[in-house]
Amino acid sequence: MTVPAAAPGANATADAQPNRADVVLRAARRVAHHERGNLALLQPVAWLATLHTTAWAADALEVHPLIRAGVIAATAVTVLGHAERRGQDLPIVPIGAGVLWAAAASVFGPYGWVAILLWIAGVILAVPYWVTVLRRPRPKPARKEQPGRTLPAAVPPEVALWEKRVVPNHQAFKLTRLEQVEPVPDGYTGIVVGERGPTRFSQMSHSAAIETIASANGVHISQVAMEESDDRDTSRARVTVIRSDMNLQKTVWLEDSGAAIDPETGIAQVGRYFDMAPAHRQFWTKSGGAQMCVIAGDTGSGKSNHVAATLSLAHRSHLIATALLDPQSGSSQPDWSGKTHLYGEGHEETFEHLQMLDFVMTKRADFVAHRPWEDELGRERRGKPFLLPGDPDMDGMTMLLVCVEELKLFLDGPYGKLGFELLGTGVRTWRKAGGGLLVVNQNLGLDNFGNSQSFRSNLLSGGSLTALRTGSSADHNMVGLPADPSKLPERFRNKDKTHGLGYLTGVDCRPAATARMMPVRDAFGIASEPAAGELGERTLVWMEEYHHHRSRGRDPREMPSSQPKSQRSRSTSGDVQAAVEEALLAGPMEVGAVCVAVRRRLGENTPLSEVPAALRRLVSEGTVQQQGDMYRLIPDT
């Protein structure tokens, strides 16, 4: 059988057919690639068709109006939530227009002229969107890469988990990788390295991004911390994850930790972070003096015990004297009732103590600003910018830590307005006089701080914040706290209470890391010990001066100073003491006669407040004996 010969060019034609198909396919791919962005032009039309169809179906099925409203609201919330989870800008305007469109279609019916008008309105509202799409540059040709990024054969499991479960599931991590993975107790830490430009720390530290990491690792969000990298590169971050809450379950008592205030730095440990690193609070700094502090926490969060721990640390420091003001009649800190250097119960006593402190701090600040001293070069100088506890030039003056419990309760009380003025002055000026203000509140809302943004800012700027579990989730960003304390769990996995669990700002610079504050086992026992620090002679004299004027119905703040500023503090306490001893050589004298004799010897510019202080020192030393209002010199034997 003879096979007929193929016609000339037949094979060429057959070979050309698949080539034409390839050409058409390639052309279609090019069109799809270059015009992919233009497909977005159909999105508003698709939305309008969906809305119209849904409204028509609801009307045909006679769905109840309340159910229609619920469906419309649920759809809007779902779309907004999806954008929020992806870290995108919220489409408020399109969603609002869609809600109005659906509502109008439900009320007037999606038929006839109503439908035409609604479509015209929808098309008009879509014009800005179409203009944006048309102006958008065409996408670059897609790289011929495998869908997933290739990893080396042997990588740490944390890196593999990051690539598999974190990178694909949140926009903030699309261009990131995990490097420098190191173990921490019951977890790991590493550096998230992103592409510079698209990757931003603010997106990586967003609550939705943190939740993605927590979900990928199968842990609670309080067990994840996203912090700035050591080099402060905004495209990088340090992530720390612990696999359980075992690190924080064990209670470490303050008495067992050996925690104490460092006399050189003013720093003391107050707890531990979830990776077992110590957590600190700084009571004063060498560059700024006394520090302010806020402690906030809901009922049952461990707030009272943390305040007691703070008072315990100050009570055992020889450089701090304490004052506790409790408008809640002593119920806030019953173990410390009457056991601090200054103590006030109820609204009236709290206000009275604030008035006295305002007077005393003004005197202390004036003393610090005009105190003569000698610098390291031997030059005689006058005045310092602030009182630093332990400064030998400050004549033994200590820091005064003033704790105001339940601040909002006091501000809502009968003396709240006047007391707030004193506190507002104190938060601005007490630092120079060595005064640190510690306020305690239920949460961080502005209404807890007298609705004053400046008062809250002055408390926190340069100071510290301890935010335990609170009932408000709207205020943490306003006080520089990236983590939300309202999302802290109330119980650990073993059902124990999470007393003391919270976030810290301050010297550690780890506001996103969960920490647990150390409680006090026996606060009453510590409070019953003699305080290591003292108010100091000068402060006691100014307190006596305040009460002296008050007992005579005078306003102490309106009393003129006994000498001009240029002449103050020229006579040292040693000079006054020597003049007192010399005056008493003539025989027993009252305080007034001693003051006259001292001024006669040292000059009219000698401050009279130094004389009672000198007499007290001489009595305590056994050099002078007091009998009623008379003082006499004890002769040497």
Side-chain angles (χ1 to χ4, degrees), residues 283-284 289-292 311 314 317 319-326 338 340-345 348-371 383-391 393-404 410 415 418-439 531 533-563 565 568-569 573 576 607-614 616-617:
F283 288 78
W284 71 82
Q291 299 291 284
M292 309 297 170
L311 291 173
S317 172
L319 298 177
I320 299 181
T322 55
L324 176 59
L325 308 180
D326 185 4
T340 53
H341 295 86
L342 300 174
Y343 179 73
E345 283 187 7
E348 186 173 357
E349 284 191 18
T350 297
F351 177 62
E352 178 62 30
H353 275 77
L354 287 176
Q355 286 183 299
M356 181 187 69
L357 287 167
D358 179 68
F359 175 82
V360 171
M361 290 296 186
T362 301
K363 293 288 187 180
R364 284 167 59 110
D366 184 72
F367 172 84
V368 172
H370 298 90
R371 177 67 171 173
K384 292 192 174 184
F386 53 82
L387 186 148
L388 185 65
D391 186 347
D393 297 320
M394 290 294 107
D395 199 21
M397 292 177 80
T398 57
M399 173 184 167
L400 183 55
L401 177 65
V402 182
C403 175
V404 181
F410 173 67
Y415 301 96
L418 296 174
F420 180 72
E421 294 179 2
L422 297 173
L423 290 168
T425 301
V427 77
R428 294 192 304 270
T429 62
W430 286 6
R431 179 183 63 84
K432 291 183 176 293
L437 181 60
L438 164 62
V439 302
E534 298 180 350
L535 284 170
E537 289 291 341
R538 294 185 180 277
T539 301
L540 289 171
V541 167
W542 289 319
M543 289 169 57
E544 287 182 2
E545 183 179 349
Y546 173 84
H547 290 299
H548 172 78
H549 290 305
R550 291 283 292 178
S551 64
R552 285 159 176 74
R554 299 191 292 258
D555 185 350
R557 295 173 297 180
E558 296 179 357
M559 293 297 100
S561 177
S562 60
Q563 56 187 327
K565 289 184 178 181
R568 290 179 196 172
S569 303
S573 57
V576 175
L608 292 178
S609 59
E610 295 281 359
V611 176
R616 277 195 299 273
R617 285 195 296 269

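Just so you know, these numbers use all the heavy atoms, side chains as well, and skip hydrogens, waters and symmetry mates.
- The shortest side-chain heavy-atom distance between Met356 and His547 falls under the 4.5 Å cut-off.
- The two residues Glu349 and Gly344 make their nearest non-hydrogen contact at OE1-CA, 3.5 Å.
- Residues Met397 and Phe367 have side chains in contact (heavy-atom distance under 4.5 Å, counting atoms from C-beta outward).
- Expressed to the nearest 0.5 Å, how far CG of Leu400 lies from CG of Leu387 amounts to 10.5 Å.
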Evaluation steps, side chain to side chain contact (heavy atoms under 4.5 Å, CB included), between Glu610 and Glu537: CA-CA 9 Å; Glu610 295 281 359; Glu537 289 291 341; over 6 Å; no
Let me see the working for Arg431 and Met292 under side chain to side chain contact (heavy atoms under 4.5 Å, CB included), right down to the final yes or no. CA-CA 8 Å; Arg431 179 183 63 84; Met292 309 297 170; 4.3 Å; yes
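- When all heavy atoms of Ala365 and Ala433 are compared, the closest pair comes out as N-CB, 3.7 Å.
- Not counting sequence neighbours, Gln355 has no partner by the side chain to side chain donor-acceptor pair (under 3.5 Å) test.
- Heavy-atom minimum distance, His341 versus Ile320: CE1-O, 4.3 Å.
- Contact check for Thr398 versus Glu534: no side-chain heavy atoms found under the 4.5 Å cut-off.
- Taking each heavy atom of Val368 and Met394 in turn, the nearest pair found is CG2-SD, 3.8 Å.
- Here the side chain of Ser317 pairs no donor or acceptor atom with the backbone of Ala314 at under 3.5 angstrom.
- Among all heavy-atom pairs drawn from Gln291 and Trp284, the shortest one is CG-CA, 3.8 Å.
- The two residues Arg616 and Val541 come nearest to each other via the heavy atoms NH2-CG2, 3.1 Å.
- Residues Thr362 and Trp542 have side chains not in contact (no heavy-atom distance under 4.5 Å, counting atoms from C-beta outward).
- For the atom pair CZ (Phe359) and CG (Leu422), the distance works out to 13.5 Å, reported to the nearest 0.5 Å.
- In this structure, the separation between CZ on Phe351 and CG on Leu423 is 10.0 Å, given to the nearest 0.5 Å.
- With values rounded to the nearest 0.5 angstrom, Leu342 atom CG is found 5.5 Å from His353 atom NE2.
- In terms of modelled atom types and a separation under 3.5 Å, the side chain of Thr350 and the main chain of Leu325 share no donor-acceptor contact.
- If you take CE on Met399 and OG1 on Thr322, they are separated by 10.5 Å, rounding to the nearest 0.5 Å.
- For the pair Trp430 and Leu357, the minimum side-chain heavy-atom distance is below 4.5 Å.
- Atom CG of residue Leu437 and atom CG of residue Leu401 lie 8.5 Å apart, to the nearest 0.5 angstrom.
- Atom CD of Glu544 is surrounded by more than 12 heavy atoms from other residues, nucleotides or ligands within 6.0 Å.
- Between Met361 and Thr425 the shortest side-chain heavy-atom distance does not fall below 4.5 Å.
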Stepwise side chain to side chain contact (heavy atoms under 4.5 Å, CB included) check, Phe410 with Leu354: CA-CA 12 Å; Phe410 173 67; Leu354 287 176; 3.8 Å; yes
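- Tyr415 has its side chain out of reach of Glu352: every pair of non-hydrogen atoms, C-beta onward, lies at least 4.5 Å apart.
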